[in-house]
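Take a look at the structure set out below.
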Number of protein chains: 4
Amino acid sequence: MSTEAPKPLTRRAERTRAKLVTAARKVFEKHGVLETRIVDIAKEAGVAVGSFYTYFESKEELLREVAATLYVELIPPLPAEVGPDPRARIEAGNRAYVRAYEKNARILTLVQHQTLSDATLRGLYEEARAAFIARVERSIRRLQREGLSPKDVSPRLAAHMLAGMVHEFCYTTFGFGTVDFDPEEAVSTLTTLWTRALALKPETKKKSKP
Amino acid sequence: MSTEAPKPLTRRAERTRAKLVTAARKVFEKHGVLETRIVDIAKEAGVAVGSFYTYFESKEELLREVAATLYVELIPPLPAEVGPDPRARIEAGNRAYVRAYEKNARILTLVQHQTLSDATLRGLYEEARAAFIARVERSIRRLQREGLSPKDVSPRLAAHMLAGMVHEFCYTTFGFGTVDFDPEEAVSTLTTLWTRALALKPETKKKSKP
Amino acid sequence: MSTEAPKPLTRRAERTRAKLVTAARKVFEKHGVLETRIVDIAKEAGVAVGSFYTYFESKEELLREVAATLYVELIPPLPAEVGPDPRARIEAGNRAYVRAYEKNARILTLVQHQTLSDATLRGLYEEARAAFIARVERSIRRLQREGLSPKDVSPRLAAHMLAGMVHEFCYTTFGFGTVDFDPEEAVSTLTTLWTRALALKPETKKKSKP
Amino acid sequence: MSTEAPKPLTRRAERTRAKLVTAARKVFEKHGVLETRIVDIAKEAGVAVGSFYTYFESKEELLREVAATLYVELIPPLPAEVGPDPRARIEAGNRAYVRAYEKNARILTLVQHQTLSDATLRGLYEEARAAFIARVERSIRRLQREGLSPKDVSPRLAAHMLAGMVHEFCYTTFGFGTVDFDPEEAVSTLTTLWTRALALKPETKKKSKP
DNA sequence: CATGAATGAGGCTTCATTCAT
DNA sequence: CATGAATGAAGCCTCATTCAT
């Protein structure tokens with residue numbers, strides 16, 4: 001969409017910019033996005049306020065940059081070694097999501113928050129989310145096509161709901177301190193619920209040889 | 001719960017207060033909580049700024065009041081006529097949630113938002129949420145006890161996840177304008193996924209065949 | 001200056017007014033004049049804010065009323081039984097001042113304070129003060145005339161200074177909690193310093209010469 | 001005394017800060033402390049309101065700074081050339097006080113005023129005052145020891161009273177426009193009253209020369 | 001590029017005063 | 001007369017943004 005000029009930065013500039021991004025994430029996590037003032041970021045980064053504006057237009061722009069990085073980590077492409085087994089693929093996706101969320105819980109929650117008042121950020125989020133859902137949807141569609149899952153639910157709708165289940169679980173579990181579940185049990189349970197919800201034939205049997 | 005003096009309000013006071021609550025909800029929905037200034041609420045209510053402070057300490061306090069009302073509507077006790085059938089009960093609960101959310105989508109989303117920066121509000125939310133989850137958990141526990149659902153998942157964990165699925169679906173579907181699903185189909189699909197996830201014996205009746 | 005109408009008050013009115021004066025003095029003493037809001041006075045008096053304005057135009061007006069009462073007490077006419085002895089008269093005046101100040105220290109200090117921003121109040125104060133000083137001045141003048149005190153100081157100036165000494169001593173000693181002197185010793189010392197400052201022949205008696 | 005970071009100010013900052021102090025003193029003197037709004041100070045200084053907060057937390061903090069300066073001037077150490085003669089020393093102290101007060105009458109009165117509602121400021125004042133009184137007390141104690149003054153008064157009490165006489169005289173004479181005395185005559189009279197009050201032997205001899 | 005002081009619009013809150021009941 | 005809710009002017013303070021050094 002955007003035709004940005006690549007703007008090559010000098011070495012020094014690169015460093016200052018990086019310092020700001022790191023500092024921002026730190027103070028965002030510590031005090032929340034809204035509560036963070038530009039001065040706080042600058043102070044944490046050890047640079048002057050003015051320098052902030054050399055690289056970013058606003059807190060929001062900086063946050064978007066942070067967010068983009070996070071989303072990539074949250075929904076990585078499934079690694080090749082996972083293999084074709086549906087349950088394994090579902091589990092792998094869930095594990096990646098749960099683990100990544102757990103790791104970046106605080107900042108992800110804050111980003112999520114900001115999503116409501118920052119349309120651009122929301123765009124980023126929905127893009128990431130849509131990609132994830134699309135993958136799930138394709139998966140369900142295939143299962144249905146292959147007769148491994150009943151066709152009584154809309155793949156798109158089911159994808160939304162199941163993906164949402166995972167996301168919401170992470171958001172409430174890791175985002176606040178209020179509940180405390182074991183991540184690995186969570187992954188396993190999520191996967192069980194998910195596969196059963198799709199009425200997936202359990203172990204798509206083994207080829208049965210004569 | 002609170003130990004405050006109840007202070008019975010005069011007729012006029014009652015009216016002014018109500019005007020403020022109504023107005024606040026309106027402007028919150030229109031412009032968002034953060035973007036709303038006290039003056040906006042007062043103006044919308046047709047009263048002076050000072051009057052706001054006669055009844056509320058802050059925007060947040062007012063929002064909490066709005067939130068409390070909403071949560072009650074979101075998770076009502078299941079009406080007696082629903083009967084004992086698990087699927088029917090699950091469907092009724094889902095329908096109530098979906099319908100209530102749909103109806104108050106915008107303000108619920110905003111409240112949800114505020115939840116992150118207002119601990120008291122979050123308390124209210126988590127209380128409501130916990131009650132809902134507890135109900136689901138009890139239900140799962142009973143199903144497992146009666147042999148209607150396998151015991152391979154923790155009732156508590158599953159309750160969290162399934163309740164979360166419903167909530168998150170509503171939040172994303174109704175909270176923003178980005179996706180557009182038919183509510184009734186959604187209720188049906190949610191219920192299907194939910195019951196299957198619990199591996200609920202479809203028609204529990206006895207069928208009995210000779 | 002003002003030709004006030006006597007305005008006869010009804011019984012009820014009289015009572016409400018009195019309640020306000022009493023309440024005002026109480027809250028003034030407790031929280032300071034500036035810190036006291038009209039509501040506070042009304043609340044303390046157990047009447048509605050509106051009623052305050054039925055009797056007073058402002059806090060200041062009320063305070064002036066309180067002040068006037070206090071000043072009368074502070075500088076009462078010397079009682080007849082004191083007799084003509086200069087030292088005894090000086091001591092009596094000092095004792096009255098010290099005792100009255102001690103008794104009403106807090107409110108006197110506050111009034112004193114208000115004196116700076118309320119010209120009318122200052123008028124009251126200076127009137128009272130001037131009367132006191134005038135009495136002292138007359139006394140010094142007489143002593144000088146009778147040869148009992150050297151004429152090397154202006155009676156007016158000395159009166160100012162000596163009266164001021166007494167006042168300031170009370171103001172600092174009783175107005176704040178910082179110093180703590182015995183009132184009776186103070187009266188005695190003030191009197192000693194005062195009489196010596198005027199180089200008053202110690203025991204004026206002596207009379208009779210053979 | 002304070003454990004704050006010293007923060008060395010840049011040249012420009014120094015200048016702005018000074019402009020604010022000067023301006024503040026000016027408007028305080030003109031309109032009174034309470035009547036002065038932050039905007040007034042900023043406007044007088046020719047800077048923006050925000051700049052005020054770069055250097056001070058509040059009007060009060062600024063006033064304290066002004067006060068501290070004044071107190072130093074009010075009670076300077078006696079210069080060496082005064083010599084050891086008690087009367088001369090007393091006179092020198094009185095003259096310094098009277099002259100400094102006269103010079104800064106208005107602002108000193110205002111500061112004095114603020115003293116009542118600002119505990120920190122009062123602390124400053126009492127510290128300065130205590131130092132002055134302590135000096136007087138030491139002096140009286142020595143005179144008594146050397147038999148130059150009778151021991152029938154407590155040095156501490158007398159010090160309080162005599163110092164108070166000087167202060168109060170200045171406060172009333174210079175603080176308001178109501179009385180009008182010649183400063184030099186005042187110094188002389190104060191000194192006379194003071195020395196006589198201590199029953200100081202007039203010209204501590206010197207005489208005798210064959 | 002970096003710096004950080006200066007700017008000032010904008011929101012919050014208080015409370016003396018009014019006035020309809 | 002009493003009541004107390006309503007009013008809104010007025011001051012406070014923050015902080016994103018600019019710009020001279």
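As a basis for the values below, the full set of heavy atoms in this structure was taken, side chains included, without hydrogen atoms, waters or symmetry mates. Naming: A, B, ... by sequence-line order, numbering from 1 per chain.
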Nucleotide F/dG11, atom P - distance to CZ of D/Phe52 in whole Å: 15 Å
Test item: B/Phe52 and B/Leu20 side chains (from C-beta on) under 4.5 Å apart, heavy atoms: yes
For atom CZ of B/Arg15 and atom C1' of E/dA20, their distance in whole Å: 12 Å
Nearest-Å distance for atom pair CZ/C1', residues B/Arg11 and F/dT3: 16 Å
Closest-nucleotide ordering on DNA chain F, the 5'-leading residue of D/Tyr53 and B/Ala48: B/Ala48
Sugar-phosphate, base or nothing in reach of C/Glu57, heavy atoms under 4.0 Å: sugar-phosphate
N-O pairing of C/Arg37 and C/Asp40 below 4.0 Å: yes
Between P of E/dA16 and CG of C/Leu63, the distance in whole Å: 14 Å
A/Leu62 CG - F/dT17 P separation (whole Å): 13 Å
Sugar-phosphate only, base, or nothing, as touched by D/Thr10 at under 4.0 Å among non-hydrogen atoms: sugar-phosphate
Where DNA chain F forms stems, i.e. three or more consecutive Watson-Crick or G-U pairs with both distances under 3.5 Å: E:2-21 with F:2-21
Shortest side-chain distance from B/Lys59, nucleotide among F/dT7, E/dC12, F/dT3: E/dC12
Partner of A/Arg25 by side chain to side chain contact (heavy atoms under 4.5 Å, CB included), out of A/Leu110, A/Val66, A/Thr69: A/Val66
Residue B/Glu35 excluded, over 12 heavy atoms near CD under 6.0 Å: yes
C/Lys19, NZ: over 12 other non-hydrogen atoms inside 6.0 angstrom: yes
Members of residues 24-43 of chain D that approach DNA chain E, where some heavy atom sits under 4.0 Å away: none
Given DNA chain E, 5'-ward residue of the pair C/Gly50 and D/Ser51, judged by closest heavy atom: D/Ser51
C/Glu14 CD to F/dC1 C1', straight-line distance once rounded to whole Å: 14 Å
Minimum side-chain heavy-atom gap D/Gln114-D/Lys59 below 4.5 Å: no
Validation row: C/Val111, C/Phe28 side chains within 4.5 angstrom (heavy atoms): no
Test item: A/His113 and A/Leu34 side chains (from C-beta on) under 4.5 Å apart, heavy atoms: yes
Rounded distance in Å - OH (A/Tyr55) to C1' (E/dA2): 8 Å
Sugar-phosphate only, base, or nothing, as touched by C/Val49 at under 4.0 Å among non-hydrogen atoms: base
Close side-chain approach of B/Glu65 to B/Val21, heavy-atom, < 4.5 Å: yes
Given F/dA5, F/dT7, E/dA5, the nucleotide with the shortest approach to the side chain of B/Thr16: F/dA5
